[in-house]
Amino acid sequence: MDNVGTYAQAKAVEDTMLHELVWLVPIGALVVTALGAVLLAIVLPRGRQGAVGVFVATGHLAAAAVAGVVWADRGFKAVMSGTVMVDGLSLMLCMIVGVGGAACVALAHPTVSGTDREGEFGALLAAASLGAVVLGSAADIGLLAISLGLSSLATFVLTGYLRDSPRGNEASIKYYLFGTVSGAAMTYGLSWWFGVTGSTSLAAVGRALPDAPTGVVVGSTALVLVGLGYKAALVPFHFWTPDAYDGAPLSVAAYLSVVSKLAGLAAIARVLPLALPGDTAGWSTAIAVLAALTMTLGNLAALGQRNTVRLLAYSSIAQSGYLLMGIAAIERSPGGLSSFAFYAMAYAVANLTAFAVIIAVQRERRSVDLDALRGLGRAHPWWTAALTLSALSLLGLPPLAGFFAKLEVFRASIDAGQSWLAVVAVVNTVISLVFYLRLCAPAILDRGTPTPGPVRRHRGLRAAMATMAAATVLGGLAAEPLLGLAEAARIL
Amino acid sequence: MPLLSIAVLAPLLGAALSPFLPVREGRTPLALAAAMTAISAACIVATWVRFDPGQGMQLVEEARWIPTLDVAWRLGVDGMALALCALTVLLFAVSVVHGVGPRPMGRAACGLLLLLEGSTLAFFLAEDFILFYVAFDVTLVAMYFLIALWGEEERRYAALKFFLYTLIGSLPVLLGIIALYLHSEPHTFDMIRLAADPAYQDAGTAASLVFLAFLVGFAIKTPIVPFHTWLPAAHVQAPTTGSILLAGVLLKMGTYGLVRVNLQMLSAPFAKYALAVAILGLVSALWGTLIALAQTDLKRLIAYTSVNHMGYVVMAVAAAAASGISPRGRELAIDGAVLQMVAHGLVTAALFLLAGLLKQRTHTRDLRELAGLLGPLPRLGVLVAIACFASLGIPGLAQFPAELQIFLGTFDVFPVIAGLALLGLAVTAALFLRVLQSAFMGPTPDRFAFLPDLDGREALAALPLVAAFVAIGVYPRVILDVAGSAAWLVGAG
Amino acid sequence: MTGVLLWSAVLVPLVAAGLVRALPDRVAAVATLTGAVAASVPAVVLLVAAADGRRATSTLRWLNASGGLDAGLRLDGLGAVMAVTVAVIGLVVLVHATGYFADDPQGRSALAGLLAFLAAMQGLVLADGYLTLLIFWELVGVASARLIAHHRSDPAAAAASVRAFLTTRTADVGLYLAVLALVAASGSLAFGQDRPPGALGAAIGLGLVVAAMGKSAQVPLSTWLSGAMAGPTPVSALLHSATMVAAGVYLLARSAQLLAGWPLQVAGWVGALTAVAGALIALGQDDLKRVLAGSTASQLGLMFVGVAAGGPAVGVFHLVAHAAGKAGMFLCAGVFQRDRSSTALADLRGAGRDARGAMTAFAVCGASIAAVPPLAVFWSKDHIAAASESHTAWFVLVLLAAAGGAAYVLRPALVLWDRAGAGHPVRREGRPAMLAACGALAGASILLGVLGGPLRTVLHAPALPTSTPSLVLSIAALGVGAGGVLLAVRVPQALRSAAAHQLHLELLLRVVVQRPTLALARALDAAERRVVDRVVDAGARATVRAAHAADRVELHGIDAAVDGLAHAVGHGGARTQRLQSGRLYEYLRDAVLGVAAIAILLAITALT
Amino acid sequence: MSAVATALVFWPAAALMLVTAVQVFRTSSMARAGLLLLGALGFEGLLFLALASEFLGVLMVLMMSGEMVVMTFFMVMFMPDPGGLMGMDMTHQPRRSAAVAVAVTAALAVLAVATDWPGRVAGRSAPDVEAIGFEVMSRSMFSFLFAGVTILFAMIGGVLLAQHGGRLGLDAPAGEERE
Amino acid sequence: MISLPLVLVSAALLFGVGVYGVLGQTNTIMIIMGVELMLGAAALNVVGFLRYTWPDATSGAFFVLILMTLMAVEGAIGFALVVSAFRHSRTAEADDLTQLRG
C-alpha cells in the first residue's frame, strides 16, 4: 500500500471504495445531517430555526437505524483501504451515538430554542456525533487524530454555547485547553507509532509494535492514552470533566457524558487491541489499574457533591472505570468486548435519563442543587420514577439494565483473571450507593419546596426522558436483544 | 398450571399496576394487595398439595429469558423452599392485614409490599442464579423504601445503613455467582445443575474464595456477628410491617442461601471451613443474646434475639457441612435449621407485630417506661407472653423442636460448640422474662390504665401467627414432613 | 387402650384447663373439680394396671430423625405411682383451691393454670424417654412460673416468678446437655441405659444432677423456692409436694441406672447437705410459708439421699409420703392465711385455736413431716436413714435433718396453738372445700403410714431397707428436736411455774442449744441470702454486665469501626475533591504526572 | 539534497527553531510571542525542507505564517498590553514547569536515541508531491474528506463563538439559571 | 552528518518547550502556543522518519498534513473561545478561571 501509486492503481482503489460506500451509509447519514443542518440554518428564517433541531434528531436516529440495517444486512467490513472499520464496535457506537445524540437534541431544546445560534448548535452537535462515530471506527493514525479533533472542537464550542455565562466560558476554555494539550500529546505518541511501523494503518502498527523496543512502545502508548483517555474522562485525565459539565449547557453535559465519552472508550477498545495485539506490553493490566483508579476516584469525589451536575460528572468518571473493566478483559476473555458494549448501552440510557430529569427540574426550580430535588415525588411522580430508575441502574441494581451491564463486566473481569478488579469494582459500587441514593432518595422521601410557577412544557424533553427510562427498564427485563447484539460485537 | 410462576408474578403484576390505581388512598390499594396475596397464597397451598416429599427439586417451571447468558425464568421447589414460601405468604397476608403507613394503605405502600412479596417468593423459588440475585436485590430496594418512607424518626439513616450493608453483602454473592458460572462446564446459571454437579469439587484457593464470597454475603444478610449492626438500626426504625417482614422473611434469605449455595454447591470448601463457620454461628448466638439482655428498647431487643436465633441456624448448617458428621446428625442439623427458619419467622414476626401494637398504644418502646400492662391489655399480654416463651424455646411452641434438633445435630460433630450454645438458652430466657416482668407485671400506672385491648383486625393479624407456631411446636412434622432434609438435600457431602 | 389412658392422663387436665379458662366464672369451680376428678381416673386405672405388672408404651414419631427420638408415654410402676400422687394431691389441692380462690377475680385463670400444671406434671412422670421428659420438664417450669406470678400486680410475685423460672431454666441447660450427650453416645433417648464412659458420660451425669438440683431446689439452687411463696398458697401446696420440686427427685429416680456411680454420690451429698441446711433455714424463718419452704428443701434433700443411697424406691416412697404431708400443711396454712391475711408467724399466733379443724389437719400432717411414728414420713424417712447407714456422713446429716424436722414443725405449731393470739374471726367463704382438702391429706398421711405396703409393690421394692439402730436413732432425733423447741420456746405457763430453777436449765439450753442453733440457722439463712443468693445474683449480674459490656463493644467497637470506615471513605472523597482545585495548570501538571505514572505502569506490565 | 547541504540547513534551522520557541515563553509581550512562534514554526518548515519534505515544508511555512498573523492581530485587538510595555509576567511556577518539561524532554529524547528504529535507511529521500497526491486520492481519501469537514465546522464554531451578536439579528443568547 | 536521532532529539526538545509553555504560562493564548509547538514536534518526528527510515510511507506524509490541519483548526477555535470569554470578563488569563471547582 505504501508504494507510490499509479493512476491505474488509484483507479482500482477508487472503484473498491465506491463499492464500499454502502458500509459507510451510517457515517454518511451523520455527514448529511451535519452539512444539512448547516444549510438549513442558513436557509431557514429566524422563526423556523427550530426545524434544524428536528432535522438533526431525525438524522441521528436515521444513522442509528441505518447502522442496525448495515449490521444485519451487510455484516462487518474494513473499508476505505482499511482506514475505517465497520464492525460490531463501530456500528454499536453509531447506534448509541444516534440515539443518544437525538436524545441530547431533545434535551437541549428548552435551552437553545429561540436563541440566536439555534441552527449552528444542531449542526455542531451533528458534527460532534460524526467525529465521535469516526473516532470509534478509525483504524488509521491520521484519521484517529483528525476525528478526535473534530469531535473535540465541536464539543468545545457546544460547551461554550452559553456565551454570556462566565461559567460557560470558563468551562469551555478549560475543556478546550485540556483537550488540545491531550490531543497534542497523543499525536506525538502516534508519530512514534508511525516511526516504528512506516505506516499509519493501525493494523500495520499492530504487526510492528510487538517486536519494537519496549521503551518506545511504552512511551508512545502512554502518550496515545492521554488523548483517548481525556476523551473518555479517565483518571488522571478527568480533571476537565466536572468543570466542563458544570459550566456547559446541561444537555451538552449529557452529550459529553454519553456520546463523547463512549466514543473515546470505543477508540481505546479498538486502538489498543489493534495496535498492541496479544496484550503487548501487558496493557490489559495497565488498563485494569486505570479502571480501578478511575472508578475509585470518581466515586470518592462524587460522595461530597451537592451539585447534581458535578455529582453526575463524577459518577460518569466512575462509570468510565466500570466500562474500562470490559476493555481490560478484551484480550483475555471472549466476553470482554461484548460486556463493554452492553455496559455502554446501559450506561447511555441511564445517564441520559438522569440528565433529562435534572434538566426538567432545572427548568422548573431554577437550580441544580441537590436540594432542588427535595419532594419532587409529590409534584412529579414520573420524573421521580425516572430519576430513581436511572440512579439504581447506574448503581447496578437488578432488574435494570445497569445490573446486567455490571454482571457482564464482572463476568468478563473474572474470566480474564482480573478478579481483584471485580472486587475493587464491588467496593466501589458500595461507595457509589451513597451518592446515587442521595440523588434519588430526597425526591421521594422529603417534603417538597414550592414550584416557582408554571413552566413551558417541552414535549421533546419528556419524550426523551420517558424513552430513556423505559430503555433502562427494558434493557434489564428484556435484556436479551441488546445482550445478543453486544455479544455479536466484534473488532475486525 | 404454572403455579410457581403465578405465585411470583401475581404480586409483581399488582406492584406494576399500583401506580395506575385511580385513587391515592381508599380501599382500592388494599383490595389489590389482598387479592394478589391471596392468589399467591392459593398457588403455594396448591403447590404444597401437589408436592411430593419423596423427591428433591420438583415442579420446575422454565421459560426463556436471556438465552445469551443461559439465564432463564427457572422456578422450582424443594422442601425447604416450599416451607419458606409458605412462611412468606403467611407473613405477607399478615402484613396486608396490618398494613403499612397511613390506614388504609396508600398505593405506594401497596405497590412496595407487593413488589417485596413477589421478589421474596422469586428468591426462594429461583433455580436460576441470575433470577436469584435479581430477586435478592429487588427485595433490598423495596425494603429500603418501606423503611425510609414509613419508619420512625431516624428512618433515613437506618434505611441507608440497611441498604449499604445488604449491598455489601449482595455484591460478593454476585461475584461468587459469576465464578460458579465460569467454573461450570458448560457455563450455566442453572442452580439445579450446579447443585447436582458442583462446579468446585475440591477445596482449593479458588473454591475457598468463592465460598468466602457467598459466606460474607449471606452472613451479612443473616446476619452473623460482626456484620449484624445494621439489623437493630433497621428494626428499630422500620415500621411494624417492615420489621415483621425483615425479621420474618428477609433474614431467612441469608440462611437459605447458605444452605442452597454454600452447602449444596460448595460442599467441599464448606467441609474445610465448617468449624470456623460453626464458631461464627456460636459467637453470633451468644453475642446476640447477651446484647439483647442489655437492651431497653423493645424492638432492639427483639432484633438482637434474631441474631441469636439465626446464629443457631448458621451453626447447624456448618455442622451439617462438616465432614465428620453422621448421617443422622446431619439430618437433625438440617431439619433443625429449616425448622428454625420457619419457626423464627413466625415467632419473631409475631413479636414485632405485638411490639408494634404495644407502641401504638403506649407511644414508647422503652422497657423502663412500660409497666403493668397485663391489667389493661390481657389479650395482648397473653399473646406477647406466648410469643416470648416461643422465642425462648419452650416446648410446645415452634422453636423448641427446631433448636433441639440444631443442638443435637451440632453436638454430633462439634460437641463443645453445641454445649456452649446451650448457655444461650438461659440468657434468652432471662431477657424475655425481664420483658414480661417489667412491661406486663406489677401495678399498672395510671397512664396505662385505659389502654384499649386488641381489636378485631389486630387479632386477625396476630392469631394466625400464634396458631401457626403453636401447631408447629405441638407437631413439628407439619413442616418436617415436607421440609425434612432427607427429602431434598441431595448431592452434598 | 393403655395408650389412650396414658394420653388421657395428660390431655384430660389440659382440656379441662382450657374449658375452665373459657367457661364463665360461676361454673369454673364445678368444671375444675370435674376436670380434676376426670384427670385422676386414668391415673388410678394406670396404677392398678401397673400393680398388675402391666408395662406399655405409646409412641409418636415427632421428629423426622428416627430411632430413639420419638415422643411417647409409658406405663410402669414408678410412673404410675407418681401419676397417682400427682393426680390425687392435685385433686385435693384443687378442691382446696376452689375455696381459696372463691372470691378472687382472677381465680378462674389460676384454676386453669393449676390444671395445666397438673397436665404438664403428668406428662413428665409418664414420659417415655428423655425427649418427652424434657418437653414436659420445661412445661412444668413455665406452668409454675405462671402460677407463682398469679398476683401480677405484686412486684414481688413477678420477681419471684422470674427468679424461679430462671433458676430452674438455667439448671435445665444441664438436662439439655445430658440429652445431647446421650444422643451422641447411644443415639437414643430411651430410659434405662448405662452411662457411657468418658466425657460424654460426665456430661450426662453432671447435666442430669444439675437439672434435678435446680428443679428440686437443692443448695445452692434453692433460693427460688422460698421466693415462690409469693404465689397463692394452693400453688405452693402443689409446687412443694407432688409437682415441680418432685420432678428433680423423679428425674434422679428415673435415671438411677444412668447415674449409677459418682453422679449419684454427688446427688447424695448435695441432698444430705441440703437436708440439714433446709432444716436450719426452716428453723430461722418467721413466716409460716417460708418455714414450710425450708422444710421442703430439706425433705427433698432427704429424697436425694434416698435415691442415692437406697435406690429409686426409697426416694420415691419418701416423695409420696412427703407430698401428702407437705401439701396438707400448706393447705392448712392457706386456711390460716385467709383468716389472718398473712403468713407471718407473728400474725398467726393463735390462729389454730380459731380454726380447730384446720389445726387438727395441720397437726397430723405436721406430725407426719416431723416423722412421728406411725405416720407416712416416719417410715419413709426411716428407710432413708437405714439406707444411708453405711455412709456415715450422710447418716449423721440425715439424723440432724430429722431432728431439725421435728423442731421446725413444732415451732409453728406451738405458735398457732398459742392461746394468746386467739379470738380472731374466721372467713367462711369456700371454707368447707378447703377444710375437706386439708382433712383428706391428713387422712392420706395416716393411711400411707399404715398401708405403705401396696406402694412398695407397685414400686417393685418389696424390701425397703430398715434397721433397728437407725429406727432408734431416728426417734431419738425426733425427741431431741421436739424437746429442744419445747424448752426453747416460751415454755407453757404450767411448766414454768413448776420449778423456778428450771429456768436455769432453760437458760442453759437456750445458751447451749437454742442460741447456737438459731444463730447457725440465721447465719445459714444469711449465708443463703447473702452468699448463695449473691453468688446466684452475681452470676446473673455478671451476665448482665457482660451484656452491657458487649453492648458497648457493639456500639463503640463494631458499629464505630464501620462508621469509621465510612468516615474514612468520606474523607477520601473530600481529598479527591480537593484535587479538583479549579486551577487548570494544576490539572495539567497532575495529568503529566499521570502520564508518567502510566508509562511506569506500562513498563512494569511490559517487563513482567 | 546532499548530506552536506542538509547539514548546512539543518543545524542552523534547528537551533533557531528551538531558540525562538523558547523565546516565545520568555518574552513579556504577547505580540512578540506570536511573531516568535511564527518564527519557530517557520524554522520548522525549513527543517522539513532540509529533510527532503519540500511540499510539507512549504505548506508549513505558508499555513503557519497565515495563522500567526491572524493570531497577532487577535492579540493586538484583545489583549491587555500586547506590546509588553509593562513587562508583566505571564508565567507561574516557572521552575517547576521547566523541571517537568526538562524531564519530559529527556525521557523522550533518551527513548528516541536509544531505540533502534526499524525501516530502511537508504533509498529515496521522502514522498514527493505526486506520491502525496496519490495517497490523498486513494488510501487516505476518507481522512482527507474528513479533514475538510473538520475545517468547515471549525470555521462555523469559531464564528459562532467569536462573532458579537446573533447571526439572525437576535440579541438573545441562551442561558440556564443555576443556583 | 544529520541522522534520525538528531531529528528526533530536536523534536523532543521542541515538544519539551511546548510542554513548558503549557505548564508555565498563565495566559490562554500562550498555552495555545505551547500546544502548537507540541503538534509541530510530532510533525517533525514524522518528517524525520520519512526522510531516514520510511521514505515510501506516503501515509506518513499525509499524517503531517493532518497535523497541520489540527494546528490550524485548534488554534482557530482557541482564539474564538478567548475572544468570546474576553468579551465578558476582559481577561484571557487561564489562572483566573477558578469559579468551577470541587
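First the proteins, then the strands, lettered A, B, ... as listed; each starts at 1.
For the set E:L70, E:V22, E:L65, the entry with the most heavy-atom pairs within less than 4.5 Å of chain D is E:L65. Of the listed residues E:G75, E:G24, E:A12, E:A72, the one with more heavy-atom pairs under 4.5 angstrom with chain D than any other is E:G24. In terms of heavy-atom pairs under 4.5 angstrom with chain E, the leader among D:A33, D:G157, D:A14 is D:A33. Chain E forms more heavy-atom pairs under 4.5 Å with one residue of D:A154, D:A114, D:A99 than with any other, namely D:A154. Contacts with chain D were tallied for E:V9, E:N45, E:L37; E:L37 has the most, counting heavy-atom pairs under 4.5 Å. Top candidate by heavy-atom pairs under 4.5 Å with chain D, chosen from E:G16, E:A85, E:G60, is E:G16. Between chain D and the options E:P5, E:G18, E:A61, heavy-atom pairs under 4.5 Å are most frequent for E:A61.
Expressed to the nearest 0.5 Å, how far CZ of E:F79 lies from CD1 of E:I32 amounts to 5.5 Å. Separation of atoms CG (E:L4) and CG (D:L51) is listed at 9.5 Å; rounding is to 0.5 Å. In this structure, CD in D:E135 is found 13.0 Å from CD in D:E130, a value given to the nearest 0.5 Å. In this structure, E:E36 CD and E:I31 CD1 are separated by 13.0 Å, a value rounded to the nearest 0.5 Å. Rounded to the nearest 0.5 Å, atoms CG (E:L39) and CG (E:L14) are 10.5 Å apart. Taking OG1 of E:T28 as the reference point, atom CG of E:L97 lies at 6.0 Å (rounded to 0.5 Å).
Put simply, the side chain of E:R51 never gets that close to the backbone of E:G48: no donor and acceptor are under 3.5 Å apart. Side chain of D:T27 to main chain of D:V24: no donor-acceptor pair is present (N/O by atom type, distance under 3.5 Å, no hydrogens or angles). Of the possible polar contacts, none joining the D:S53 side chain to the D:L49 backbone as a donor-acceptor pair under 3.5 Å is found. The backbone N or O of D:F134 sits nowhere less than 3.5 Å from a side-chain atom of D:R139 that would complete a donor-acceptor pair.
With a 4.5 Å cut-off on non-hydrogen atoms, D:S140 touches chain E through its backbone and its side chain both. Both the backbone and the side chain of E:A43 come within contact range of chain D, each with at least one heavy atom under 4.5 Å from a heavy atom of that chain. Both the backbone and the side chain of D:S143 have a heavy atom closer than 4.5 Å to some heavy atom of chain E. If you measure heavy-atom distances from E:I66 to chain D, the contacts under 4.5 Å come from the side chain alone. Contact annotation for D:F10: only side-chain heavy atoms (C-beta onward) come within less than 4.5 Å of a heavy atom of chain E. Looking at D:L37, the atoms closer than 4.5 Å to chain E (heavy atoms on both sides) all sit in the side chain, from C-beta outward. Within the 4.5 angstrom heavy-atom criterion, atoms from both the backbone and the side chain of D:V22 approach chain E. D:M155 does not touch chain E: none of its heavy atoms, backbone or side chain, sits under 4.5 Å away. For D:F55, the part lying under 4.5 angstrom from a heavy atom of chain E is the side chain only. Proximity to chain E is limited to the side chain of D:M63, based on heavy atoms less than 4.5 angstrom apart. Interface remark: E:L13 contributes backbone and side-chain atoms alike to the contact with chain D (heavy atom separation under 4.5 Å).
Taking the side chain as every heavy atom from C-beta outward, E:S10 and E:L44 approach each other to under 4.5 Å. Contact check for D:W11 versus E:L6: side-chain heavy atoms found under the 4.5 Å cut-off.
Remark: D:T150 engages no residue in a side chain to side chain donor-acceptor pair (under 3.5 Å) (not counting sequence neighbours). Qualifying side chain to side chain contact (heavy atoms under 4.5 Å, CB included) partners for D:L152, counting only residues two or more places apart in sequence or in other chains: A:L35, D:I156.
Residue pairs that meet the ring-ring contact (aromatic ring centres under 6.0 Å, His included) test with at least one member in residues 10-51 of chain E, sequence neighbours left out, are A:Y188-E:F15, D:W117-E:F49.
Within residues 39-46 of chain D, the residues approaching chain E closer than 4.5 Å by heavy atoms are, in numerical order, D:A40, D:L41, D:E44.
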